Amino acid sequence: MPVDFSGTWNLVSNDNFEGYMVALGIDFATRKIAKMLKPQKVIKQDGDSFYIHTTSTFRDYLLEFKVGEEFEEDNKGLDNRKCKSLVTWQNDKLVCVQTGEKKNRGWTHWLEGDDLHLVLTSNFY
Ligand code: VLP
(Lines give C-alpha, C1' and ligand atoms only; values in the text may rest on other atoms or scores of the structure.)
Protein backbone atom coordinates (compact mmCIF):
# COMPACT_ATOMS: atom_id res chain seq x y z
CA MET A 1 0.00 0.00 0.00
CA PRO A 2 1.43 3.41 -0.94
CA VAL A 3 2.36 5.78 1.87
CA ASP A 4 -0.12 8.54 2.78
CA PHE A 5 1.07 11.63 4.65
CA SER A 6 -2.41 13.16 4.90
CA GLY A 7 -3.39 14.42 8.32
CA THR A 8 -2.84 17.05 10.97
CA TRP A 9 0.53 16.83 12.65
CA ASN A 10 1.74 18.56 15.81
CA LEU A 11 5.35 19.28 16.70
CA VAL A 12 6.51 17.10 19.58
CA SER A 13 10.28 17.51 19.32
CA ASN A 14 12.72 19.71 17.53
CA ASP A 15 16.45 19.00 17.35
CA ASN A 16 18.87 21.78 16.29
CA PHE A 17 16.28 23.98 14.58
CA GLU A 18 18.54 26.82 15.77
CA GLY A 19 21.42 25.49 13.61
CA TYR A 20 19.17 25.35 10.56
CA MET A 21 17.98 28.93 11.12
CA VAL A 22 21.55 30.18 11.61
CA ALA A 23 22.54 28.51 8.32
CA LEU A 24 19.72 30.39 6.58
CA GLY A 25 20.77 33.70 8.16
CA ILE A 26 17.58 34.18 10.19
CA ASP A 27 18.13 37.09 12.58
CA PHE A 28 18.48 36.62 16.36
CA ALA A 29 15.08 38.06 17.35
CA THR A 30 13.21 35.93 14.80
CA ARG A 31 15.11 32.82 15.90
CA LYS A 32 14.15 33.39 19.54
CA ILE A 33 10.47 33.52 18.58
CA ALA A 34 10.64 30.68 16.04
CA LYS A 35 12.31 28.33 18.54
CA MET A 36 9.38 28.66 20.95
CA LEU A 37 6.75 27.78 18.35
CA LYS A 38 4.87 24.51 18.21
CA PRO A 39 3.88 24.56 14.55
CA GLN A 40 1.21 22.34 13.14
CA LYS A 41 1.25 20.78 9.69
CA VAL A 42 -1.86 20.02 7.71
CA ILE A 43 -0.98 17.71 4.85
CA LYS A 44 -3.34 16.75 2.06
CA GLN A 45 -2.02 14.13 -0.32
CA ASP A 46 -3.74 12.95 -3.46
CA GLY A 47 -1.35 10.46 -5.02
CA ASP A 48 1.66 12.58 -6.03
CA SER A 49 -0.07 15.93 -5.38
CA PHE A 50 0.72 17.55 -2.06
CA TYR A 51 -0.61 20.44 0.00
CA ILE A 52 1.53 21.11 3.08
CA HIS A 53 0.36 23.96 5.30
CA THR A 54 2.65 24.71 8.23
CA THR A 55 0.93 27.01 10.70
CA SER A 56 1.99 28.72 13.90
CA THR A 57 0.97 31.67 16.06
CA PHE A 58 3.78 33.69 14.40
CA ARG A 59 3.81 32.85 10.69
CA ASP A 60 2.55 30.21 8.35
CA TYR A 61 3.83 28.67 5.15
CA LEU A 62 1.92 26.94 2.36
CA LEU A 63 3.58 24.62 -0.11
CA GLU A 64 1.80 22.88 -2.97
CA PHE A 65 3.61 20.63 -5.43
CA LYS A 66 3.50 17.50 -7.49
CA VAL A 67 6.20 14.88 -7.04
CA GLY A 68 8.60 14.88 -10.00
CA GLU A 69 7.65 18.38 -11.22
CA GLU A 70 10.16 21.17 -10.51
CA PHE A 71 8.67 24.44 -9.27
CA GLU A 72 9.75 27.90 -8.16
CA GLU A 73 9.64 28.34 -4.38
CA ASP A 74 9.82 31.77 -2.74
CA ASN A 75 10.17 30.75 0.93
CA LYS A 76 8.07 33.78 1.81
CA GLY A 77 8.06 34.52 5.53
CA LEU A 78 10.89 32.04 6.07
CA ASP A 79 14.25 33.28 4.71
CA ASN A 80 12.55 34.81 1.63
CA ARG A 81 15.14 33.35 -0.77
CA LYS A 82 13.88 32.00 -4.04
CA CYS A 83 14.92 28.55 -5.18
CA LYS A 84 13.95 25.81 -7.60
CA SER A 85 12.47 22.86 -5.80
CA LEU A 86 12.00 19.28 -6.86
CA VAL A 87 10.35 16.65 -4.70
CA THR A 88 10.89 12.97 -5.46
CA TRP A 89 10.15 9.65 -3.80
CA GLN A 90 13.06 7.75 -2.34
CA ASN A 91 11.29 4.57 -1.35
CA ASP A 92 8.63 5.83 1.10
CA LYS A 93 10.50 9.05 1.87
CA LEU A 94 9.53 12.37 0.34
CA VAL A 95 12.75 14.15 -0.60
CA CYS A 96 12.93 17.81 -1.67
CA VAL A 97 16.04 19.37 -3.24
CA GLN A 98 15.96 23.19 -3.13
CA THR A 99 18.45 24.53 -5.67
CA GLY A 100 19.50 28.14 -5.15
CA GLU A 101 21.93 30.34 -3.26
CA LYS A 102 22.27 27.94 -0.31
CA LYS A 103 24.12 24.71 -1.02
CA ASN A 104 22.79 21.34 0.10
CA ARG A 105 19.37 22.82 0.81
CA GLY A 106 16.34 20.62 1.09
CA TRP A 107 14.17 18.51 3.34
CA THR A 108 13.02 14.93 3.81
CA HIS A 109 9.72 13.73 5.25
CA TRP A 110 8.91 10.20 6.32
CA LEU A 111 6.46 8.33 8.53
CA GLU A 112 7.51 6.16 11.44
CA GLY A 113 4.85 4.58 13.63
CA ASP A 114 2.36 7.34 14.41
CA ASP A 115 4.92 10.09 13.79
CA LEU A 116 5.74 12.36 10.88
CA HIS A 117 9.45 13.13 10.65
CA LEU A 118 11.07 16.09 8.91
CA VAL A 119 14.75 16.80 8.41
CA LEU A 120 15.59 20.28 7.10
CA THR A 121 19.05 20.79 5.57
CA SER A 122 21.13 23.76 4.50
CA ASN A 123 24.77 24.62 4.34
CA PHE A 124 25.81 27.94 5.86
CA TYR A 125 27.48 29.10 2.62
C1 VLP B 1 12.76 30.21 9.10
C2 VLP B 1 13.05 28.76 8.89
C3 VLP B 1 9.50 30.71 11.49
C4 VLP B 1 12.34 30.56 10.50
C5 VLP B 1 11.59 31.85 10.62
C6 VLP B 1 10.10 31.74 10.58
C7 VLP B 1 6.27 28.33 9.39
C8 VLP B 1 8.25 20.60 4.70
C9 VLP B 1 8.48 22.07 4.52
C10 VLP B 1 7.35 22.61 3.68
C11 VLP B 1 9.24 23.70 6.10
C12 VLP B 1 9.00 24.33 7.44
C13 VLP B 1 9.56 25.71 7.52
C14 VLP B 1 10.48 25.89 8.67
C15 VLP B 1 11.69 26.73 8.28
C16 VLP B 1 11.80 27.92 9.15
C17 VLP B 1 8.07 30.33 11.11
C18 VLP B 1 7.79 28.86 11.33
C19 VLP B 1 6.41 28.45 10.88
O20 VLP B 1 8.39 22.68 5.79
O21 VLP B 1 7.00 20.37 5.31
O22 VLP B 1 7.83 23.68 3.03
O23 VLP B 1 10.08 24.04 5.34
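Because the structure is predicted, anything quoted here is derived from the model rather than measured. Counting convention: from 1, in listed order, for ligands and their atoms alike.
- The two residues N75 and R105 have their closest heavy-atom pair at OD1-NH2, 3.3 Å.
- When only non-hydrogen protein atoms are considered, atom 9 (C) of ligand 1 lies nearest to K41 NZ, 3.8 Å.
- In this structure, V3 and L111 have side chains that are in contact, with non-hydrogen atoms separated by less than 4.5 Å.
- Residue-ligand proximity: C96 is placed with every non-hydrogen atom at 4.0 Å or more from ligand 1.
- A donor and an acceptor atom, one from each side chain of S49 and D46, are nowhere located under 3.5 Å apart.
- Of the possible donor and acceptor atoms, none in the side chain of N123 sits under 3.5 Å from a partner among the backbone N and O of Y125.
- Selection from L118, T54, L78 by nearest heavy atom to atom 13 (C) of ligand 1 gives L78.
- For D79, the heavy-atom gap to ligand 1 stays at 4.0 angstrom or more.
- Residue contact check: I52 has heavy atoms under 4.0 Å from atoms 21 (O) of ligand 1.
- The pair E72-K82 does not meet the salt-bridge criterion, since no charged nitrogen lies less than 4.0 angstrom from a carboxylate oxygen.
- Contact annotation: H109 has at least one heavy atom less than 4.0 Å from an atom of ligand 1.
- Distances from atom 10 (C) of ligand 1 to the heavy atoms of T57, L63, N75, I43 put L63 nearest.
- Residues passing the ring-ring contact (aromatic ring centres under 6.0 Å, His included) test with W110, sequence neighbours excluded: H117.
- The shortest N or O to N or O distance between S56 and ligand 1 is not under 3.5 Å.
- Not one N or O of T30 is nearer than 3.5 Å to an N or O of ligand 1, by distance alone.
- Cation-pi geometry between K102 and F124 is satisfied (NZ or CZ under 6.0 Å from the ring centre, within 45° of the ring normal).
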